Amino acid sequence: MLDIKIIRENPGLVKKAMDNRHESSAIIDDILRIDTDRRQNISKLDGLRQERKTISSTEREKAQERGRALREEIQAMEEEVNKLDAQMQDLLLQVPNIPQSDVPLGKDDTENVTVRTWGEPKKLNFKALPHWELGEKLDIIDFERGVKLSGTRFYVLKGMGARLQRALIAYFLDLHTNEQGYREIYPPFMVKRECMVGAGQLPKFAENIYHDAEEDYWFVGTAEIPLTNLHRDEILNADDLPIHYCAYTPCFRREKMSAGKDTRGIKRGHQFDKVEMYKFVTPETSEEELEKLTRNAEDTCQKLGLAYRVRVLCTGDIGFAAVKTYDIDVWSPGCEEWLEVSSCSNDADFQARRTNVRYRPTPDAKPQFVHTLNGSGLGLPRTLIAVMENYQQPDGSIAVPEVLQKYVGAKVIK
RNA sequence: GGAGGGGUCGCAUAGUGGUCUAGUGCGGUCGCCUGCUAAGCGAUUUCCCUGGGAAACCGGGGACGAGGGUUCGAAUCCCUCCCCCUCCGCCA
């Protein structure tokens with residue numbers, strides 16, 4: 001959510017940002033209109049309330065008649081202001097963040113800019129198999145039984161397949177906590193409705209979320225949701241910042257996609273695992289923190305020996321809440337594509353304003369919004385795919401990357 | 001799931017229809033004093049919206065778990081919901 005003051009004082013800037021995102025900016029004029037209307041009504045309402053206050057404390061019985069009339073006027077005016085508040089809120093929630101000035105202009109993902117690469121995309125001197133074939137041959141991925149249990153886009157990891165995934169999770173968490181300065185969090189995987197609103201999932205993406213109607217619990221689609229809400233409605237001390245969290249969660253996403261290249265294998269299921277990194281920082285440090293966050297995610301890929309590229313997303317592809325985003329894609333020789341394993345974003349104060357997370361720069365200063373950042377470290381099924389396909393051997397076995405060997409308890413999966 | 005108790009300013013508490021402009025203590029902040037520290041003394045101390053102002057600040061309104069209601073007037077009375085505590089039941 002943007003600060004209404006920015007929209008009020010500089011609507012051109014906001015419209016321009018929306019144009020760059022290739023989104024209609026018509027909504028801004030609606031917001032300006034409602035803003036004016038709302039403030040006029042608030043002014044009237046405050047006047048009426050002031051009169052009520054005076055009357056009821058000075059004139060008592062005499063004032064009863066005027067008081068009754070006032071009550072009705074106030075109620076009507078309150079209704080009007082509430083309505084405008086709700087409309088305003090609803091519209092503000094639909095305005096995307098303003099991309100940072102160094103974000104490249106572009107219409108869609110074809111215009112993202114590769115800022116650096118690491119390693120050489122692996123070329124195997126034998127025919128590389130895609131993970132769905134490797135997985136079945138080694139009996140570590142079972143697609144049919146996944147479908148038997150839960151339907152399309154579910155799978156079962158078995159034996160060393162399950163073990164390899166667990167090893168990756170444990171390794172990521174250990175790396176983030178022991179070497180990169182993050183604090184591990186084990187959050188709930190189901191949260192209340194208001195957390196979904198705070199994290200920006202509701203109301204817009206309701207159809208993508210699994211939800212228990214009876215208890216009104218919502219299943220998280222990413223650890224970002226509980227982490228964002230962890231400090232909701234809190235005022236943090238300046239010396240609490242920065243806060244660096246990481247968390248493993250399963251992620252549940254309903255998104256209906258037609259079968260095809262994008263959903264082949266285990267690339268995109270309704271349930272997947274992810275380790276997420278999340279930061280609460282002071283505004284003046286967030287740009288730099290994004291660079292560090294991205295380096296942490298890259299470091300994770302490097303330690304696994306996976307070649308990758310880092311791309312800065314252009315204005316047409318960057319997410320709704322972000323001012324700047326880097327995607328990290330690792331090369332996977334079996335399915336022959338770059339797999340997005342991490343997306344690192346600086347949301348600035350956009351999410352903090354929704355969730356009302358503030359801090360006090362000095363003990364007696366006014367509270368102001370923190371900046372938040374999030375990044376995958378890393379997304380699992382895809383990292384699993386990349387490891388399987390990059391480390392496959394001519395005999396169909398999979399060598400275990402060195403850093404994972406102690407977690408897997410083996411040097412090769414066969 | 002059942003019975004009872006409770007949610008007030010960072011923490012602890014007072015407040016049972018107008019004197020609440022929410023008091024007090026602790027903590028915090030600033031100052032004074034004490035050659036350090038502790039203690040003492042004095043002042044200050046929530047957040048949101050809104051108007052004015054470059055700002056410091058000033059004026060108005062709102063918020064006592066949330067939302068409704070009663071009333072000229074609600075922290076206080078009524079209703080619904082949420083959360084916490086104690087006991088019972090159930091349970092990995």
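What you see below is based on every heavy atom in this structure, not just the backbone, and it leaves out hydrogens, waters and symmetry mates. Note that the structure is predicted; figures quoted are calculated from it, not measured. To find a chain, count down the sequence lines: A is the first, B the second, and so on, and within it residues start at 1.
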Measure from the side chain of A/R49, starting at C-beta and using heavy atoms only, and say which of B/U70, B/G61, B/G73 lies closest. B/G61

As its Watson-Crick or G-U partner within any shown strand, both distances under 3.5 Å, B/G59 has B/U50

Quick one: A/D85 CG to B/G62 P, roughly how many Å, whole number? 15 Å

Kindly say whether A/P367 contributes a backbone atom to a donor-acceptor pair with the side chain of A/R358 at under 3.5 angstrom? no

If the plane angle is over 60° it's perpendicular, under 30° parallel, otherwise tilted; pick one for A/H176 and A/Y182. perpendicular

Letter by letter from the 5' end, nucleotides 47-60 of chain B scores (B base, S sugar-phosphate only, - none; protein heavy atoms under 4.0 Å) SSSSS--------B

Applying the 3.5 Å cut-off to both distances, the Watson-Crick or G-U partner of B/U29 turns out to be B/A43

What integer distance in Å separates A/Q75:CD from B/G67:C1'? 15 Å

Measuring only the C1' atom in each nucleotide, how far is B/U44 from B/C49? A whole number of Å is fine. 25 Å

Please give the distance between the C1' atoms of B/A75 and B/G6 as a whole number of Å. 15 Å

If B/A12 has a Watson-Crick or G-U wobble mate with both distances under 3.5 Å, name it; if not, just say none. B/U24

Heavy-atom check, side chain of A/H211 versus side chain of A/F219, under 4.5 Å: no

If you round to the nearest 0.5 Å, how far is CD of A/E389 from CZ of A/R382? 12.5 Å

Which nucleotide, if any, forms a Watson-Crick or G-U wobble pair with B/C91, using both distances under 3.5 Å? none

Any donor-acceptor pair under 3.5 Å linking the side-chain atoms of A/N41 with those of A/R38? no

In Watson-Crick or G-U wobble terms, with both distances under 3.5 Å, the base opposite B/A3 is B/U86

Could you tell me if A/Y278 and A/H244 have a donor-acceptor pair between their side chains, going purely by distance under 3.5 Å? no

Rounded to whole angstrom, note down the P distance from B/U29 over to B/A14. 28 Å

Please state the P separation for the pair B/A3 and B/G62 - nearest whole angstrom. 39 Å

Are A/K274 and A/T222 close enough that a side-chain donor and a side-chain acceptor fall under 3.5 Å? yes

Atom-to-atom span, CD1 of A/I74 to C1' of B/G62 - whole angstrom: 12 Å

To the nearest 0.5 Å, atom NZ of A/K279 lies from atom NZ of A/K292 at 6.5 Å

B/U46 and B/A39, which share atom name C1', separated by this distance in whole Å: 29 Å

Rounded distance in Å - CG (A/N82) to P (B/A66): 15 Å

Interatomic distance at P, B/G35 relative to B/G61, whole Å: 50 Å

Distance between C1' atoms of B/C32 and B/C84 (Å, rounded): 44 Å

Mind calculating the distance between CD (A/E72) and C1' (B/G73) to the nearest angstrom? 16 Å

Using the C1' atom on both, measure B/G2 against B/A92 and round to a whole Å. 22 Å

d(CG, A/L236; P, B/G10) in whole Å: 14 Å

Taking 4.0 angstrom as the limit, do A/E337 and A/K267 come out as a salt bridge? yes

On RNA chain B, check which nucleotide each of A/R71 and A/L45 is closest to and give me the residue with the more 5' one. A/L45

B/C83 P sits how many Å from A/D233 CG, rounded? 16 Å

Can you tell me the distance, in whole Å, between the NZ atom of A/K44 and the P atom of B/G62? 18 Å

Base partner of B/G17, which must satisfy Watson-Crick or wobble distances under 3.5 Å: none

Applying the Watson-Crick and G-U wobble criteria at under 3.5 Å, what pairs with B/U80? Answer none if nothing qualifies. B/A66

